Protein chains: 2
Amino acid sequence: MPEASTTTRRDELLAIAGKLFAERGFRNTTVRDIADAAGILSGSLYHHFDSKESMVDELLDTFQQQLFDQYDEIVASDRSPLEKLDAVVRASFAAIDAHHSEVAIFQNDADFLATFDRFAYLIERNKRFQKLWTGLLREAVDAGELRADLDVELVYRFLRDTVWVAVSWYRPGGELSADEVATQYLSILLEGIASHG
Amino acid sequence: MPEASTTTRRDELLAIAGKLFAERGFRNTTVRDIADAAGILSGSLYHHFDSKESMVDELLDTFQQQLFDQYDEIVASDRSPLEKLDAVVRASFAAIDAHHSEVAIFQNDADFLATFDRFAYLIERNKRFQKLWTGLLREAVDAGELRADLDVELVYRFLRDTVWVAVSWYRPGGELSADEVATQYLSILLEGIASHG
DNA sequence: GCCTACCAAGCAATTGCTTGTTTGGGATAC
DNA sequence: GTATCCCAAACAAGCAATTGCTTGGTAGGC
């Protein structure tokens with residue numbers, strides 16, 4: 001069972017497709033674009049994949065599962081709420097670094113894709129994501145680690161946007177590492193969110 | 001010269017097109033979509049406009065000119081750097097409220113459009129925008145109104161993203177007014193940016 | 001000799017846009 | 001008053017290009 005090498009070409013094509021989806025959007029990337037980038041003809045893609053849809057599906061699904069596994073591990077740990085929040089933010093920036101295409105696709109095309117039954121799971125995961133983050137924020141407030149007068153829902157959007165929008169300018173291998181960016185972001189953010197002491 | 005009513009139908013169609021461009025992106029909106037929403041046939045659009053491109057062009061160009069006029073006025077006023085920054089942020093949130101479609105289109109499609117000669121002005125205006133905002137940030141740092149240890153470029157991105165990304169969730173006529181959101185955003189932000197005293 | 005990876009050709013649907021024509025209401029001429 | 005003209009606004013039909021995807025076949029390594 002030579003699994004490791006059997007999946008190679010397929011994964012290669014997936015990565016190429018992901019990069020293009022991320023750059024120009026799912027709907028604005030043609031199967032011929034993908035094939036050209038891979039050096040083959042568009043019809044040949046269908047030897048590997050059922051459809052263009054199933055390519056994004058696979059990209060987003062596997063990425064999200066990995067990310068949530070990390071989140072769950074952090075939440076289940078015995079750190080303080082604020083420390084958990086810190087870890088979750090760092091894990092998210094690490095995801096932007098390691099899975100740049102997938103994050104960009106999610107940012108740009110999730111709303112559209114979610115209108116199809118096949119991608120209904122995106123909506124559920126989004127809710128789960130929101131519950132997890134707002135939960136941590138509330139716990140941190142209750143623990144006295146964050147200001148008590150915060151509008152948690154608004155802070156959630158603020159935090160979420162600030163983190164994920166970074167995919168639009170952060171480039172893996174650039175001047176700042178993902179964790180350095182995370183450190184600076186958290187510094188700026190916490191000076192406003194942390195209770196004064 | 002009944003100018004006021006002569007331009008009405010055209011403006012109506014522009015607004016319809018803008019809304020659709022904002023919702024599903026420029027490239028993913030067909031001229032038939034626009035025509036359907038307007039209750040006419042796609043060919044009839046070409047009585048009013050040269051092309052689909054010229055519709056976005058007109059939408060973005062006029063909007064940006066208005067916005068920059070406001071920015072320039074604020075910058076030219078005799079307020080302190082921090083007060084100017086405050087005003088610029090509020091003006092931006094007001095723009096999200098008053099020109100929701102245009103902001104959304106700019107957020108989503110500017111990068112793509114900017115690859116065409118016709119939309120080269122988007123790149124220039126973007127540079128001008130960055131200079132204006134980073135200039136204000138630097139002045140505020142120099143004036144002692146903001147922390148001196150800030151990475152101004154990073155703060156700029158942070159600020160810019162935080163403001164404009166709001167177009168993805170803010171809905172005119174919703175619970176919070178644009179200025180209320182601006183106030184809360186500034187509060188959260190400044191507690192981290194303002195020099196401690 | 002089978003299986004992975006691909007090519008070659010093409011189909012039905014959708015795209016932006018063009019062309020020629022029709023409609024209906026207001027200004028103008030008589 | 002009414003006949004004439006005009007013109008904005010729309011329709012009807014279709015064209016060339018592009019879209020996702022299908023079908024049937026081929027090359028080459030294990």
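The chains referred to below are lettered A, B, ... by the order of the sequence lines, with proteins before strands, and numbering in each begins at 1. Nothing here was measured: the structure is a model prediction, and the numbers come from that model.
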task = Kindly state each residue pair satisfying ring pair (Phe, Tyr, Trp, His ring centres under 6.0 Å) with at least one member in residues 27-54 of chain B, sequence neighbours excluded.
result = none
task = Just jot down the salt bridge (charged side-chain N to carboxylate O under 4.0 Å, His left out) partners of A/Asp50, sequence neighbours excluded, or say none.
result = none
task = Could I get the full list of salt bridge (charged side-chain N to carboxylate O under 4.0 Å, His left out) partners for A/Glu139, not counting sequence neighbours?
result = none
request  = Could you identify which residues of residues 107-115 of chain B place a heavy atom less than 4.0 Å from some atom of DNA chain D, listed by residue number, or say none?
outcome  = none
Show me, pair by pair, the donor-acceptor contacts under 3.5 angstrom made by side chains of residues 130-138 of chain A, not counting sequence neighbours?
residue	atom	partner	partner atom	Å
A/Gln130	NE2	A/Glu153	OE1	3.1
A/Thr134	OG1	A/Gln130	O	2.7
A/Thr134	OG1	A/Lys131	O	3.3

note = For residues 117-127 of chain A, the salt bridge (charged side-chain N to carboxylate O under 4.0 Å, His left out) pairs (sequence neighbours left out) are A/Glu53-A/Arg118, A/Asp57-A/Arg118, A/Asp61-A/Arg125
Under 3.5 Å, N/O pairs linking protein and nucleotides 15-25 of chain D:
residue	atom	partner	partner atom	Å
D/dG20	OP1	A/Thr29	O	3.2
D/dG20	OP1	A/Lys52	NZ	2.7
D/dG20	OP2	A/Val31	N	2.9
D/dG20	N7	A/Arg32	NH2	3.1
D/dG20	O6	A/Arg32	NH2	2.9
D/dC21	OP2	A/Tyr46	OH	2.6
D/dC21	OP2	A/Lys52	N	2.9
D/dC21	O5'	A/Tyr46	OH	3.3
D/dC21	N4	A/Ser42	OG	3.3

key: A/Arg32: salt bridge (charged side-chain N to carboxylate O under 4.0 Å, His left out) partners, not counting sequence neighbours   = none
Polar-atom pairs under 3.5 Å, protein N or O versus N or O of nucleotides 23-26 of chain C: list them with distances, or write none.
none

query = Can you list every salt bridge (charged side-chain N to carboxylate O under 4.0 Å, His left out) pair that touches residues 170-189 of chain B, not counting sequence neighbours?
reply = B/Arg90-B/Asp179
inquiry  = Taking salt bridge (charged side-chain N to carboxylate O under 4.0 Å, His left out) as the cut-off, I'd like each qualifying pair that reaches into residues 66-79 of chain B, sequence neighbours left out, listed once.
reply    = B/Asp72-B/Arg128
Please list, one pair per line, the donor and acceptor atoms closer than 3.5 Å that link side chains of residues 160-167 of chain A to other protein atoms, with sequence neighbours excluded.
residue	atom	partner	partner atom	Å
A/Asp161	OD2	B/Trp169	NE1	3.2
A/Thr162	OG1	A/Phe158	O	2.5

